[in-house]
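Report on the following structure.
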Amino acid sequence: VTRSQRNMQALLGEWIMTKGDLVRISDSGRRQLDYPPKGFGCILRVVSSSKSSGDIVYVLWYDTALTKPINTRWLTKI
């Protein structure tokens, strides 16, 4: 693995969300979504993957103890 490949993996790691990642709603998500979850949550399952619309993931939100699906475009890794 070359240095440029390691750099690319590090950059992609910031955007690619996988099972077990700790996330919160992004600032744009807070502005765009009606009643966005507060606090942070953990990704339990990645449902779909498409380059144009992002992934749909199930997140366990710790403040409500509910699991809800959400598009990764509205999430930020913590």
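Sequential numbering from 1 along the given sequence is applied to the chain's residues.
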Query raised in the report: Minimum heavy-atom separation for Ile56 to Asn71, with atom names?
Result: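 What the structure gives for the nearest pair is CD1-ND2, 3.7 Å.
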Query - Shortest non-hydrogen separation from Arg24 to Trp61 and the atoms involved - result: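 Reported closest heavy-atom pair: CA-CZ3, 4.4 Å.
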Query raised in the report: Per the side-chain contact (heavy atoms from CB on, under 4.5 Å) rule, which among Ile70, Val47, Val46 passes with Asp55?
Result: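 So the option named by the test is Val46.
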Approximate separation, where rounding is to 0.5 Å, of [X] [atom1] and [Y] [atom2]:
X	Y	atom1	atom2	answer
Lys19	Leu44	NZ	CG	7.5 Å
Tyr62	Leu22	OH	CG	6.0 Å
Thr76	Met17	OG1	CE	6.0 Å

Query - Partners meeting ring pair (Phe, Tyr, Trp, His ring centres under 6.0 Å) with Tyr58 (sequence neighbours left out) - result: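 Testing Tyr58 for ring pair (Phe, Tyr, Trp, His ring centres under 6.0 Å), a comparison that skips the adjacent residues, returns none.
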Between side-chain atoms of residues 30-43 and protein atoms elsewhere (two or more places apart, or another chain), which donor-acceptor pairs fall under 3.5 Å?
{"residue": "Arg30", "atom": "NH1", "partner": "Pro37", "partner atom": "O", "Å": "3.2"}

Query raised in the report: Can you tell if the side chain of Leu75 reaches within under 4.5 Å of the side chain of Ile25, non-hydrogen atoms only?
Result: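 Side-chain contact under 4.5 Å: yes.
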Query - side-chain hydrogen bond (donor to acceptor under 3.5 Å, both in side chains) against Ser28, all qualifying residues, sequence neighbours excluded - result: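 Counting only residues at least two positions away or on another chain, Ser28 forms a side-chain hydrogen bond (donor to acceptor under 3.5 Å, both in side chains) with Ser26.
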